[in-house]
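Take a look at the structure set out below.
Source: prediction; values computed, not measured. In what follows, chains carry the letters A, B, and so on, assigned in the order in which the sequence lines appear, proteins first and then strands, with residues in each chain numbered from 1.
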Amino acid sequence: DSGVTQTPKHLITATGQRVTLRCSPRSGDLSVYWYQQSLDQGLQFLIQYYNGEERAKGNILERFSAQQFPDLHSELNLSSLELGDSALYFCASSPKLGILAGASYEQYFGPGTRLTVT
Amino acid sequence: AQSVTQLDSHVSVSEGTPVLLRCNYSSSYSPSLFWYVQHPNKGLQLLLKYTSAATLVKGINGFEAEFKKSETSFHLTKPSAHMSDAAEYFCVVSELDGGYQKVTFGTGTKLQVIP
């Protein structure tokens, strides 16, 4: 158990709908990452938040958005869903941001949310 | 700019034989390197990491990796494969970019262990 929780575990919805995925990082971790994993595209980095602020963007579509709240949990919002958005969505957290004294912080991954768009 | 290349998308070994999963990286600065493992329908789990200390890094479950700067490689090895090692493995490079940690994942190597 990594200490990162994600809800829900499974989500089935129709095209055109909007869903919200939730992530709670490990206690004390300030940085949250979102990833999408699909069979055809592999593991894709979407977005990173640190202490409530967006810090890095990856291959995130305009239909997707995220935020990190004062209690450090994060939500990923997916709207106007398409069949191709069906994937596993992972959240990961890490203690801090940046590299200090040559050290780099590993990420702790949640179990993922499996989204199926029909 | 950083990048990471996992040279094999699939590797198949017999149980009890050595495992070698290859990873090459490109980085502008002194990177940190990681290997993660993902078992089917599970999240990713850290196997080991290199952060400029010893070049030979030991991880969990008997895995180890050697950082070779001259070859820009960070290959993952295990002396003897176990059935439970069947999973997908990701090599990851991380470096400081404008004061923030930038992380790049490889495309993954699926390890099959044959009984």
Which portion of B:Gln38 sits near chain A, non-hydrogen atoms under 4.5 angstrom: side chain
Is A:Asp85 salt-bridged to A:Arg63, going by a charged N under 4.0 Å from an acidic O? yes
Charged tip of A:Arg26 within 45° of A:Tyr108 ring normal and under 6.0 Å: yes
What part of A:Gln44 is in contact with chain B, defined as an atom under 4.5 angstrom from a non-hydrogen atom: side chain, backbone, both or neither? neither
Please round to the nearest 0.5 Å and tell me the distance separating atom NZ of B:Lys42 and atom CZ of A:Phe90. 11.0 Å
For B:Leu46, is it the side chain, the backbone, both or neither that has a heavy atom under 4.5 Å from a heavy atom of chain A? side chain
Could you tell me whether the side chain of A:His10 and the main chain of A:Arg114 form a donor-acceptor pair under 3.5 Å? no
